[in-house]
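Down below is the structure, laid out as structure tokens.
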Amino acid sequence: MQLAKSFEQAACVLVLLATQQPEIPLTADVLHERIGGSASYIRKIIRKLVVAGLVTSTSGNNGGCPLGTLT
């Protein structure tokens with residue numbers, strides 16, 4: 001079975017966020033550097049993960065994406 005490229009990149013984003021220290025969120029640019037591909041596409045994937053409630057997103061100078069908390 002072949003997985004879609006977007007699924008593979010979303011899984012990589014989740015793994016990177018899960019292994020990151022929670023108090024230090026990763027920005028889309030850092031995720032793009034680590035995963036590769038298109039920076040705008042990584043942002044679209046992050047947006048879908050935010051809508052799904054898997055990650056949270058904070059804007060601003062100290063913003064980024066920590067892994068969401070499941071309740």
Evaluate the side chain to side chain contact (heavy atoms under 4.5 Å, CB included) criterion for residues I42 and I46: first the C-alpha distance (whole Å), next the side-chain angles of each, then the deciding distance (0.1 Å), finally the verdict. CA-CA 6 Å; I42 295 294; I46 291 170; 3.9 Å; yes
If two hydrophobic side chains count as joined below 4.5 Å and joins carry through other members, does L26 share a cluster with V15? no
Can you measure from [atom1] ([X]) to [atom2] ([Y]) and round to the nearest 0.5 angstrom?
X: I45; Y: L14; atom1: CD1; atom2: CG; value: 10.0 Å
X: H32; Y: S38; atom1: NE2; atom2: OG; value: 7.5 Å
X: S6; Y: K44; atom1: OG; atom2: NZ; value: 11.5 Å

Does a salt bridge link R34 with D29, judged by any charged N lying under 4.0 Å from a carboxylate O? no
Determine whether Q9 and K5 make a side-chain contact, defined as any pair of heavy atoms from C-beta on separated by less than 4.5 Å. yes
